[in-house]
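Scope of the values below: all heavy atoms of this structure, side chains included, with no hydrogens, waters or symmetry mates.
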Amino acid sequence: ITRCAYIVKPGFRNIAGFPVTLRGFWGQEPPMSDIETVEITTGADPDASVIWLHGLGADGHDFEPIVPELRLPASLSARFVFPHAPVRPVTINGGMAMRAWYDIYSLDRGGAVDEQGVRDSAEIANALIRRERERGIAASRTVLAGFSQGGAIALHAALRYPEPLAGLMALSTYLPLGSSLDAEVVDNAAAVNGSIPIFMAHGTFDPVLPMQMGVDSRDLLRDRGFEIEWHEYPMAHAVCAEEIAHIRRWLVGVFDAAE
């Protein structure tokens with residue numbers, strides 16, 4: 001276990017001078033009617049993309065400050081895309097409307113799941129990947145990433161995406177709709193991301209999504225033949241400096257960038 005120093009995410013802004021764009025997105029599918037994204041590029045003419053989904057109640061600005069913290073090499077010109085989740089009522093929060101990728105009915109691990117919400121938000125992620133391709137960055141140069149609820153969508157969408165992706169990063173999260181994995185991915189001849197590089201990390205003291213949920217998801221995926229780079233840190237539901245260093249190393253590797 002690596003010792004961690006906490007990084008407080010809210011309140012940071014772009015401190016490294018990277019250009020930031022707030023972009024509206026209007027797609028053809030119903031879930032894509034008004035999705036906006038925060039975008040940061042680390043160099044001119046980016047040839048790699050990281051689409052990074054935030055957690056429940058946050059927004060696309062939440063992980064914006066991590067980009068300069070990654071200190072990516074100059075050889076890697078990347079576009080980071082941070083979408084805002086739709087605003088919807090969340091049952092466990094008394095029906096309060098907030099940004100959420102899907103509803104959460106209860107904290108009972110065996111309880112009902114908002115399957116339609118998961119699938120709708122996975123389609124948002126898919127559409128964002130397709131938009132990157134339209135802007136000149138292939139799926140094979142795109143990483144789908146997410147934290148907490150956003151990580152659940154990243155796991156669900158990336159494993160089912162119809163083109164090979166550069167990688168999948170799932171932080172402090174779990175695999176949703178696990179019972180559909182075999183039929184839709186493992187035993188599906190059309191699935192093409194069986195060898196996708198996967199980075200998973202979790203805090204050992206996470207009170208929101210206990211680490212066992214992440215461990216169970218990791219073990220399920222490994223049992224189905226997926227290769228997982230797994231990290232755990234002595235922290236709560238957060239991201240820490242050592243984790244960011246490991247993410248940097250992983251991104252440099254999946255994008256085959258020179259240091």
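Counted within 6.0 Å of CG on Asp45, heavy atoms from surrounding residues, nucleotides or ligands total 12 or fewer; the atom is thus considered open.
Aromatic rings of Tyr233 and His246 (six-membered ring for Trp) have centroids within the 6.0 Å cut-off, being under it. Checked against a 6.0 Å centroid threshold, the rings of His237 and Phe205 do not count as neighbours. If you look at His54 and His61, their ring centroids are not closer than 6.0 Å.
With respect to Arg130 and Glu132, no salt bridge is recorded, no charged nitrogen being found less than 4.0 Å from a carboxylate O. With salt bridges taken as basic N to acidic carboxylate O contacts below 4.0 Å, one links Glu259 and Arg248. Taking 4.0 Å as the cut-off between side-chain N and carboxylate O, Glu134 and Arg131 do not count as a salt-bridged pair. For the pair Arg218 and Glu229, the salt-bridge criterion is not met [side-chain N within less than 4.0 Å of a carboxylate O]. Ion pairing between Arg141 and Asp47 holds under the 4.0 Å rule for side-chain N and carboxylate O. Here Glu39 pairs with Arg135 in a salt bridge; the nearest charged N to carboxylate O distance falls below 4.0 Å.
Test Asp62, Ile153, Thr173 against Leu53 for side chain to side chain contact (heavy atoms under 4.5 Å, CB included) and you get one pass: Ile153.
Placement of Leu220 and Leu168 within a single hydrophobic cluster is found when ILVMFWY residues are connected by side-chain heavy-atom separations under 4.5 Å, directly or transitively. Taking hydrophobic clusters as Ile, Leu, Val, Met, Phe, Trp and Tyr residues chained together by side-chain heavy-atom distances below 4.5 Å, Phe199 shares a cluster with Ile66.
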